[in-house]
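Quick note: numbers below take in every heavy atom, side chains included, and nothing from hydrogens, waters or symmetry partners.
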Amino acid sequence: MKIICIGRNYVAHAQELKNEVPTEPVFFLKPDTAILPPGRAFYLPDFSNDIHHEAELVLKICKEGKNIAEEFAHRYYDQISVGLDFTARDIQQRQKEKGLPWEPAKAFDHSSPVGKFIPISSVKDPTTFAFHMTKNGASIQSGTIQEMIFSFDKIISYVSKYITLRKGDLIFTGTPKGVGPVKAGDELVLFLEGEQLLSVKIA
Ligand code: MG
């Protein structure tokens, strides 16, 4: 199983980090060791002083595909959830300045907690897939697919030109604006259409 993450998929988030708005999807990979075992706390790693939350919609691939046409892409994912793409922002900034890969900032152990998956067919409003996240009870990030630069189907089609997608692979589809730091003691709770699918304590 592999984890593919899309970067800069919301205009307002690209702007808050002073990045260009992309004309093609930006993606990077995380290994399966980035998954946080369900129910476990996320321990802040000692190599960073600025771990940021990025709340995202996450698709689960349901069959193998390569070079998938956009019009058929919907056949390749059947479940959705919410997840966190934890990012060591200080390390990412250093890597970006030097033109180096992002993996030390993105792919570290437990950097991708993911919630309970639900069938796409059970999502009440497939025109929005409205999701949000609270930190210590206050809503701090929210998004809909209408704000995305690249749709689910465009992402699947684009990534599968380069990498074969397999059943069980996860696709993190990018974060809306509102990213920011977490500290020990924080609790992040993520919702899809108002239903809580993930809760993570920071330690
Ligand atoms: Mg992200």
Side-chain angles (χ1 to χ4, degrees), residues 1-10 13-14 17 19-38 40 42-45 47-48 50-70 73-74 76-115 117 131 143 145 148-176 179 190 198 200:
M1 186 275 272
K2 57 189 174 288
I3 302 165
I4 295 163
C5 300
I6 306 300
R8 304 175 188 170
N9 201 21
Y10 292 77
H13 170 63
L17 294 184
N19 290 316
E20 275 179 32
V21 175
T23 54
E24 290 189 313
V26 174
F27 73 90
F28 56 91
L29 270 73
K30 298 192 186 201
D32 58 2
T33 42
I35 295 291
L36 178 69
R40 291 260 296 272
F42 172 78
Y43 283 83
L44 292 166
F47 51 73
S48 172
D50 196 23
I51 298 290
H52 274 203
H53 56 75
E54 295 190 358
E56 310 197 3
L57 291 171
V58 184
L59 302 174
K60 187 181 275 190
I61 298 297
C62 60
K63 64 174 177 176
E64 184 163 320
K66 168 82 178 166
N67 278 322
I68 300 164
E70 200 173 328
H74 64 276
Y76 289 81
Y77 56 94
D78 61 355
Q79 294 182 73
I80 190 164
S81 190
V82 284
L84 281 155
D85 168 23
F86 279 128
T87 303
R89 196 69 73 199
D90 44 358
I91 295 175
Q92 187 191 33
Q93 188 58 33
R94 187 188 72 200
Q95 299 294 94
K96 280 162 70 175
E97 284 166 8
K98 293 181 178 174
L100 294 171
W102 289 4
E103 275 78 356
K106 287 283 197 180
F108 55 87
D109 287 356
H110 300 171
S111 60
S112 281
V114 64
F117 280 88
F131 68 105
I145 59 167
M148 285 183 170
I149 301 168
F150 304 108
S151 67
F152 293 160
D153 293 346
K154 175 75 184 177
I155 291 167
I156 299 279
S157 175
Y158 184 84
V159 171
S160 73
K161 279 198 284 190
Y162 301 91
I163 298 174
T164 297
L165 298 177
R166 291 206 168 120
K167 185 174 178 175
D169 289 348
L170 301 182
I171 307 220
F172 280 63
T173 57
T175 196
V179 301
L190 285 78
L198 175 64
V200 179

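Atom-to-atom distance recorded for K161:NZ and I68:CD1 is 12.5 Å, nearest 0.5 angstrom. Residue E64 holds its CD atom at 9.5 Å from OH of Y76, rounded to the nearest 0.5 Å. Within the model, atoms CZ of F28 and CD1 of I4 stand 11.0 Å from one another, a figure rounded to the nearest 0.5 Å. L17 CG to Q92 CD: the interatomic distance, rounded to the nearest 0.5 Å, is 7.0 Å. Here the NE2 atom belonging to H74 is positioned 14.0 Å from the CZ atom belonging to F152, to the nearest 0.5 angstrom.
Atom NZ of K96 has more than 12 heavy atoms from other residues, nucleotides or ligands within 6.0 Å. Surrounding OH of Y43 are at most 12 heavy atoms belonging to other residues, nucleotides or ligands under 6.0 Å away.
No side-chain heavy atom of V58 sits less than 4.5 Å from a side-chain heavy atom of I80. Taking the side chain as every heavy atom from C-beta outward, T173 and I145 never approach each other to under 4.5 Å. With a 4.5 Å cut-off on side-chain heavy atoms, I35 and L170 count as touching. Taking the side chain as every heavy atom from C-beta outward, L84 and L36 never approach each other to under 4.5 Å. Residues P22 and I149 are in side-chain contact: their nearest non-hydrogen atoms beyond the backbone lie under 4.5 Å apart. In this structure, L59 and I155 have side chains that are not in contact, with every pair of non-hydrogen atoms separated by 4.5 Å or more. With a 4.5 Å cut-off on side-chain heavy atoms, K106 and C5 do not count as touching. Using a 4.5 Å cut-off on side-chain heavy atoms (C-beta onward), F47 and I91 make contact.
With K2 as the partner, the side chain to side chain donor-acceptor pair (under 3.5 Å) test is satisfied by one option alone out of T164, D32, D169: D169.
Note on ring orientation: taking the six-membered ring where Trp is involved, the planes of F27 and Y158 are perpendicular (angle over 60°, cut-offs 30° and 60°).
Between the side chain of Q95 and the backbone N or O of P101 there is at least one donor-acceptor pair closer than 3.5 Å. Of the possible polar contacts, none joining the D90 side chain to the S48 backbone as a donor-acceptor pair under 3.5 Å is found. Without hydrogens or angle criteria, T87 side chain to R89 main chain gives no donor-acceptor distance under 3.5 Å. Under a 3.5 Å cut-off, the side chain of K66 and the backbone N or O of L165 do not form any donor-acceptor pair.
Scanning both residues, K30 and S111, for their nearest heavy atoms gives NZ-OG, 3.1 Å. Shortest non-hydrogen contact noted between P176 and F131 is CD-CZ, 3.7 Å. Among all heavy-atom pairs drawn from E56 and F172, the shortest one is OE1-CB, 3.3 Å. Contact detail for A14 and E20: the closest heavy-atom pair is CB-O, 4.1 Å. V179 and E54 get closest at one heavy-atom pair: CG1-CG, 3.7 Å. Residues R8 and W102 come closest through the heavy atom pair NH2-CZ2, 3.6 Å.
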Audit row: Y77, I171, side-chain contact (heavy atoms from CB on, under 4.5 Å) steps and yes/no: CA-CA 10 Å; Y77 56 94; I171 307 220; over 6 Å; no
Derivation of the side-chain contact (heavy atoms from CB on, under 4.5 Å) call for V200 and L190: CA-CA 9 Å; V200 179; L190 285 78; 5.7 Å; no
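For the ring pair (Phe, Tyr, Trp, His ring centres under 6.0 Å) condition, the pairs that include at least one residue of residues 78-101, sequence neighbours left out, are F42-F86.
Not counting sequence neighbours, the partners of E70 by the side-chain contact (heavy atoms from CB on, under 4.5 Å) test are S151, D153, K154, S157.
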